[in-house]
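Reckoned from all heavy atoms, side chains included, excluding hydrogens, waters and symmetry mates. Chain identifiers are assigned alphabetically (A, B, ...) following the order of the sequence lines, protein sequences preceding nucleic acid strands; residue numbering begins at 1 within each chain.
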There are 2 protein chains.
Amino acid sequence: MPFTYEYERPSLTVDCVVFGLDETDLKVILIERGVPPFQGKWALPGGFVKPSEPLEEAARRELQEETGIEQAFLEQLFTFGDKDRDPRGWTVTVAYYALVKLSDHRIQATTDASDAKWFPVAAIPALAFDHEKIFRVALERLRGKVRYQPIGFELLPEKFTLTQLQKLYETILRQDLDKRNFRKKILSMGLLLDTNETQQDVAHRAARLYRFDRHRYEELRQKGFNFEV
Amino acid sequence: MPFTYEYERPSLTVDCVVFGLDETDLKVILIERGVPPFQGKWALPGGFVKPSEPLEEAARRELQEETGIEQAFLEQLFTFGDKDRDPRGWTVTVAYYALVKLSDHRIQATTDASDAKWFPVAAIPALAFDHEKIFRVALERLRGKVRYQPIGFELLPEKFTLTQLQKLYETILRQDLDKRNFRKKILSMGLLLDTNETQQDVAHRAARLYRFDRHRYEELRQKGFNFEV
């Protein structure tokens, strides 16, 4: 690192893979590009980092500008710098993945995104840049991570039933889980708080509602507790 | 992302946190900076990414140039972009962590590193830039990761005893493990191959030598097997 040497510098962007969960599907938010390159193509929300802007702040700003989402669980995913990933020249992107409670968010396209829309992860269209690769890495991270951290809770409403929680794991992991084993395991973790409330306005027998115990989770995480389901 | 807009660009560097394990300690390799800024201070090996150079390639190149290490298990750790992390101006660094078999590597300082040396992780000197922060993130990642992936094997010789393996976990996790439970658990994972060899030239009773079954690990990983010890 000689002091006087000055290498050529890359453009720096952030991109966000935002997951949401509805009744039936795990979904990802995509924006339709309003400007070249790849105008009219679907892409991950993202854009250029401003000079000296903190990276996570840039990701949250772009997310807000392009989708209207203001609150999200956000973690850095991976930094992609392949030579030909952007036709405008050498561009490095710091990718983030985000989890949002779908019910909280009406999405709205703004700035240079002409449209923003949720797609089921199993049915995404062709994407601009190397965004399909980034999306795949994010999906793999999510699937790996729900096995040892209860991040899935970020996708659920504040209060949820055990059936909803099981459905979440089944959807993300793409496998059926045995109801009795699942309940035994998840309750034994001590991560759920009974709200002493039941579902309202349901046709079937109203199920008990739970909350996620974030404090208890932090305690367990310090000790290296394993959350595998 | 308007097509014509051109933001200011950051300098881009890579930095490597390289861990090794000897008889007694978990160690990290540091280089003494031969040039400003922070001349004479200890730092992580690293340097500027060349135009369009793949990021991992840049990390391996810098590692080789500054320490002589050519073979290492290397994974991207995190990208750091805080405003004031480099006195030369806006500089974003993609950090990697690496695991090496200490016995394989005589280290040698070259290029602009004036010295390279292994330090016990519990006794590192003050570091240049935000390198102490990067080091802490890497150490946390290593401690978290050995609980659910057998990456610790990257730190051991090709053939090792169960005692060496237990010592590895105890050193990284900073806790004593019960010998019987540890052996039962580690053998039940089916990840160890008996070499039918025993230690040579030891004063005590020669212990059996094992190898890590990489093929079996890949099989289990696909299924989401948990390696927690």
Side-chain angles (χ1 to χ4, degrees), chain A residues 1-14 33-39 43 46-58 62 66 76-84 88-92 94-95 111-113 143-144 146-149 173 175 221 224-226 228-229, chain B residues 1-14 33-39 43 46-58 62 66 76 78-84 88-95 111-113 143-144 146-149 173 175 221 224-226 228-229:
Chain A
M1 261 197 219
F3 191 47
T4 51
Y5 191 100
E6 179 82 5
Y7 276 115
E8 190 187 318
R9 298 170 177 198
S11 293
L12 185 68
T13 60
V14 285
R33 286 183 60 77
V35 291
F38 300 106
Q39 187 165 11
F48 289 103
V49 179
K50 293 179 178 173
S52 294
E53 185 179 26
L55 298 170
E56 184 175 322
E57 203 171 300
E62 285 290 341
E66 298 202 333
Q76 206 187 93
L77 175 67
F78 199 82
T79 297
F80 296 82
D82 282 358
K83 194 162 79 84
D84 298 318
R88 292 167 296 190
W90 187 27
T91 305
V92 170
V94 184
T111 65
D112 32 61
R143 288 186 171 141
V146 291
R147 292 182 183 278
Y148 59 89
Q149 270 186 33
L173 298 175
Q175 67 185 57
R221 203 173 58 86
F225 187 82
N226 176 261
E228 190 186 15
V229 175
Chain B
M1 265 202 218
F3 191 46
T4 51
Y5 192 98
E6 179 83 3
Y7 276 115
E8 189 188 320
R9 299 169 179 198
S11 293
L12 186 68
T13 60
V14 284
R33 286 183 59 80
V35 292
F38 299 106
Q39 188 166 13
F48 289 104
V49 179
K50 294 180 177 172
S52 294
E53 186 179 27
L55 299 170
E56 185 177 320
E57 203 171 299
E62 286 291 340
E66 298 202 332
Q76 204 185 94
F78 199 82
T79 296
F80 297 81
D82 282 359
K83 195 160 80 84
D84 299 317
R88 292 167 294 190
W90 187 26
T91 305
V92 171
T93 196
V94 184
T111 67
D112 31 61
R143 287 186 170 139
V146 292
R147 292 181 183 280
Y148 60 88
Q149 271 186 31
L173 298 175
Q175 66 185 58
R221 203 174 58 87
F225 186 83
N226 177 262
E228 192 186 14
V229 175

Chemist: Given 3.5 Å as the limit, does a donor-acceptor pair link the side chain of A:Arg9 with the main chain of B:Arg9, or not?
Modeler: yes
Chemist: Provide the closest heavy-atom pair for A:Leu55 versus B:Gly81 in the form atom of the first, atom of the second, distance.
Modeler: CD1-N, 3.8 Å
Chemist: Name the region of B:Val92, side chain, backbone, both or neither, that has any atom closer than 4.5 Å to a heavy atom of chain A.
Modeler: side chain
Chemist: Spell out, as yes or no, whether a donor-acceptor pair under 3.5 Å connects the side chain of B:Gln76 to the backbone of A:Thr79.
Modeler: yes
Chemist: Roughly how far, to the nearest 0.5 Å, is OG of B:Ser52 from CG of A:Asp82?
Modeler: 10.0 Å
Chemist: With rounding to the nearest 0.5 Å, note down the distance linking CD in A:Glu8 to CZ in B:Phe48.
Modeler: 13.5 Å
Chemist: How long is the straight-line distance from CG of A:Leu12 back to CH2 of B:Trp90, given to the nearest 0.5 Å?
Modeler: 5.5 Å
